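Structure first, then comments.
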Amino acid sequence: MKKFLSKVLALAIVLTMAMSMVVVAGAEEAAKTSSTAWLLYFASNHEKDPANFPWWPQHTSKDHPASETGVEATNAEVTGPGAYTVGLKFNWQKAEGAIQFNLILEDAEVLFPGYYVDITDIRVNGQSIEVKENMYGAYHDDPDSGMVSIYNTYWDTAFEPNATGPSNHRAFDGTVEDASYLIINPDDIVAGDTLEVDFIVAAEAGQAPEELGAMPYVVPETVEPAPYTGPTADAKLYYQAGGWWPETNGTLGTSTTATITGEGHYTLTAYFLDQGGWTPQGNGAEKLILVVADGNAEGSVMDGMYLGVSDIRVNGTSIEYGNVAYGPTGYDNGTIFDANDDYAILYDKWMAENQPGSTPWGHETWDGSTGTTSAVNPDDLKNVTKIEVDFFVTAEQSKVPATESADIWYNSNTVGLAGLSLKDLGIADDWHNIVPVDLTATGWQRFPLVAADAHEIGDAYVAVNNGVVTVQFEYANGMYIEHSQCIKWFTSLDEITADALTSIEGGLTSADAVNIANDLGGAKIAYLSINNKVSFRSPYDNYGSNLPRYFRNHPTWVAHREGLQAVIDAATAEAAPSPDASVSPDVSVSPDVSESPDVSESPEA
């Protein structure tokens, strides 16, 4: 296999802040600027199996329907110097050998006269095969198109069989005599499910185009919720079945822990454990209590708080319950709680029998009602393996704290680039942004995206690749829907108006390639505007993360705009006409500034 030693461009032009993208506004439908590259292929299966249709399978045009041949084509749009790949996929009958195998570039001899095409790799089923030096020139069936003969036993009869080909065919390395129209061994194409051809297009012999390289993807940031650093209290649920056995406070059962950080909603589960093939079950109750460790200790998060119950479930099914009071334990029972703990009595058999209808000393309900020590009916506790209690903590009596806020969707938000506004540029009293983009060097440029409600939502990646510029968008990894894209390019600040930036008419998308020479007049710098429509959620993911806010007057963004302005100023200065040397002042002698010149009359030029 011939190795393609390309010049690797280690370019990652990353402007640290956002730039607005630009569309070629109001342009009429342009003349064709790209060439479709495709593979012409006739297999030689008939030589191995004469019963097959000769030269089958085959692909004979850029849009030959796969429904007729079973061959799917992957074509490439050649826009100028660069690296490209074309391919064929064989769905009905595998490729075997070759009678004709050509790379065709439609209209390339007209669009890119004198250019060179060099095949750098050919793969059969993903495996490279040996490739010799190739020639490139006019296609004998269509002189406006270009052709590389990969294997062609039916070379134009106007040339001798051993000739190198038509006189206008040329070799990328400049040595036509070493090139051939038979650059592969057809025996290397065996049971081909896929054929792929990599090639480069170059304007000059031996000068490989610069490589764009991989997109330097940077994960857009989200802001995670700040960790809670205040006081906490751990709550657990204790259940002791009727007859004092089993209980969830030892080897037979246990409880989850809810860490209380303040007002909010929490859940506890008491459950019995597998005992090597059997699981204890409880019936009735001696005790069912919710214990908050150190709930009445000095400085506790529960100081001044009320606790209420919102649901109780037995083996997953909700049961009825009465008013639950909460307060200090008042003593240490040695196993379940101590004197610094608080608790809510859901059921206590002894208290229910000896102090019916009373609320323990110091206990209050969340809504001021009369509490009880038998909020749960023990008859509802049958064959218990699991009890769940949902509860809440509130600082204001009779007020249930809000649940986690429902997801908020910002629908069809306008997304643009954090750049220089028309107001910054003195164009109009308008805050829509543009950014200057360097079109002179192959590589990637990254510009942050900002939603209209001042959230930093992602990045735009601008690729300058051998005379063509494209734009891709990456949004933060979360909940978003991109509804539309509108990319506009301008080559002069004089072209930019507020209407041009807000209108989507004539807008491009990520699928559109802009030819710098033809569409942007060969500009070294162009101005980019983005006007996408995106819906996104807050929180942006399922972990409570939010998008960073865009504060335009933050020193970082102020410095960013100053940097963008400096790019524009430098480009403007470079484009300014040089003064006429014939009338340049003589600066060899400094003027005498002791006397002011008479400016009442202008000197004759």
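Quick note: residue numbers are just sequence positions, from 1. Please read all numbers here as calculations on a predicted model, not as lab measurements.
At least one side-chain heavy atom of Asp294 sits under 4.5 Å from a side-chain heavy atom of Asp341. With a 4.5 Å cut-off on side-chain heavy atoms, Asp424 and Arg561 count as touching. When side chains are defined from C-beta on, Ser535 does not count as touching Tyr480, because their heavy atoms never get closer than 4.5 Å. Within the 4.5 Å cutoff, side-chain heavy atoms of Tyr266 are placed close to those of Val393. Using a 4.5 Å heavy-atom threshold, the side chains of His455 and Pro548 count as separate. Within the 4.5 Å cutoff, the side chain of His560 has heavy atoms near those of the Leu564 side chain. The shortest distance between side-chain heavy atoms of Leu268 and Leu290 falls below 4.5 Å. Contact of the Val324 side chain with the Leu346 side chain is registered, since non-hydrogen atoms from C-beta on lie closer than 4.5 Å.
Between the side chains of Ser538 and Asn546, at least one donor N or O sits under 3.5 Å from an acceptor N or O. Residues Thr440 and Asp438 bring a donor and an acceptor atom of their side chains to less than 3.5 Å of each other.
The distance from atom NE2 of His363 to atom OG1 of Thr372, rounded to the nearest 0.5 Å, is 12.5 Å. Atom CG of residue Asp380 and atom CD of residue Glu320 lie 7.5 Å apart, to the nearest 0.5 angstrom. With rounding to the nearest 0.5 angstrom, the CD1 atom of Ile496 is 5.0 Å from the CG atom of Leu493. Rounded to the nearest 0.5 angstrom, Tyr326 OH and Leu307 CG are separated by 6.0 Å. Rounded to the nearest 0.5 angstrom, Asn333 CG and Tyr238 OH are separated by 8.0 Å. Note that the CD1 atom of Ile336 and the CD1 atom of Ile289 stand 4.5 Å from one another [nearest 0.5 Å].
Taking a 6.0 Å sphere around CG of Asp367, one finds it holds more than 12 heavy atoms contributed by other residues, nucleotides or ligands. Summarising the local packing, CH2 of Trp361 is surrounded by 12 or fewer heavy atoms from other residues, nucleotides or ligands at distances under 6.0 Å.
The closest donor-acceptor contact from the side chain of Ser255 to the backbone of Ala270 lies at 3.5 Å or more, if one exists at all. Ser300 places no side-chain N or O within donor-acceptor distance of the main-chain N or O of Asn296, the cut-off being under 3.5 Å. Side chain of Asp198 to backbone of Thr85: no donor-acceptor contact under 3.5 angstrom is found. A distance-only check finds a donor-acceptor pair linking the side chain of Gln275 to the backbone of Leu273 [under 3.5 Å]. Counting only distance, with no hydrogens or angles, the side chain of Asp519 and the backbone of Ile516 share no donor-acceptor pair below 3.5 Å. Although no hydrogens or angles enter the test, the distance criterion places no donor-acceptor pair under 3.5 Å between the side chain of Asn465 and the main chain of Val468. For the pair Arg552 (side chain) and Val558 (backbone), a donor-acceptor distance under 3.5 Å is absent. Tyr321 places a side-chain N or O within 3.5 Å of a backbone atom of Val309 that can act as its donor or acceptor partner. In terms of modelled atom types and a separation under 3.5 Å, the side chain of Ser545 and the main chain of Tyr540 share no donor-acceptor contact. Judged purely by atom type and a 3.5 angstrom limit, Asp430 has no side-chain atom pairing as donor or acceptor with the backbone of Ala498.
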Can you check side chain to side chain contact (heavy atoms under 4.5 Å, CB included) on Leu252 and Trp245, steps first, answer last? CA-CA 10 Å; Leu252 297 181; Trp245 187 95; 3.3 Å; yes

Evaluate side chain to side chain contact (heavy atoms under 4.5 Å, CB included) for Ile319 paired with Leu381, printing each intermediate quantity in order. CA-CA 9 Å; Ile319 63 172; Leu381 306 180; 4.2 Å; yes

Applying side chain to side chain donor-acceptor pair (under 3.5 Å) to Asp234 and Thr259, what does each step give before you reach the verdict? CA-CA 5 Å; Asp234 288 341; Thr259 299; 3.1 Å; yes

Please evaluate residues His265 and Phe391 with respect to the criterion ring pair (Phe, Tyr, Trp, His ring centres under 6.0 Å), reporting the C-alpha separation (whole Å), side-chain torsions for both, the decisive distance (0.1 Å), and the verdict. CA-CA 6 Å; His265 293 257; Phe391 68 98; 9.3 Å; no

Pair Glu247, Tyr239 - check side chain to side chain donor-acceptor pair (under 3.5 Å), show working. CA-CA 6 Å; Glu247 64 180 339; Tyr239 169 61; over 6 Å; no

Assess whether side chain to side chain contact (heavy atoms under 4.5 Å, CB included) is satisfied between Val437 and Ile525, documenting all intermediate values. CA-CA 6 Å; Val437 178; Ile525 187 173; 5.8 Å; no

One pair to check against side chain to side chain contact (heavy atoms under 4.5 Å, CB included): Gln445 and Phe447. What are the steps and the verdict? CA-CA 7 Å; Gln445 300 173 53; Phe447 309 113; 3.6 Å; yes

For the pair Thr267 and Asp390, evaluate side chain to side chain donor-acceptor pair (under 3.5 Å) and give the outcome as yes or no after the intermediate values. CA-CA 4 Å; Thr267 297; Asp390 296 337; 2.8 Å; yes

Trace of the side chain to side chain donor-acceptor pair (under 3.5 Å) decision for His432 with Ser421: CA-CA 5 Å; His432 287 86; Ser421 71; over 6 Å; no

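Taking the six-membered ring for Trp and thresholds of 30 and 60 degrees, Phe392 and Trp366 have ring planes more than 60 degrees apart, a perpendicular arrangement. Aromatic ring orientation, Tyr475 versus Phe473: parallel (interplanar angle below 30°, classes split at 30° and 60°).
In this structure, the ring of Tyr550 has its center less than 6.0 angstrom from the ring center of Trp557.
Glu482 and Lys533 are not joined by a salt bridge, as no carboxylate oxygen comes within less than 4.0 angstrom of a charged side-chain nitrogen. A salt bridge between Arg313 and Asp311 is present, with a side-chain N of the basic residue lying under 4.0 Å from a carboxylate O of the acidic one.
When all heavy atoms are compared, the tightest approach of Leu237 to Ile387 is CD2-O, 3.7 Å. The two atoms that bring Leu439 and Ala526 nearest to each other are CD1-CB, 3.6 Å, heavy atoms only. Nearest heavy atom pair, residue Ser374 against residue Ala352, reads CB-CB, 3.9 Å. In terms of heavy-atom proximity, Ala452 sits nearest to Asn413 at N-OD1, 3.0 Å. Residues Val469 and Leu520 come closest through the heavy atom pair CG1-CD1, 4.2 Å. Among all heavy-atom pairs drawn from Thr335 and Asn249, the shortest one is O-ND2, 3.9 Å.
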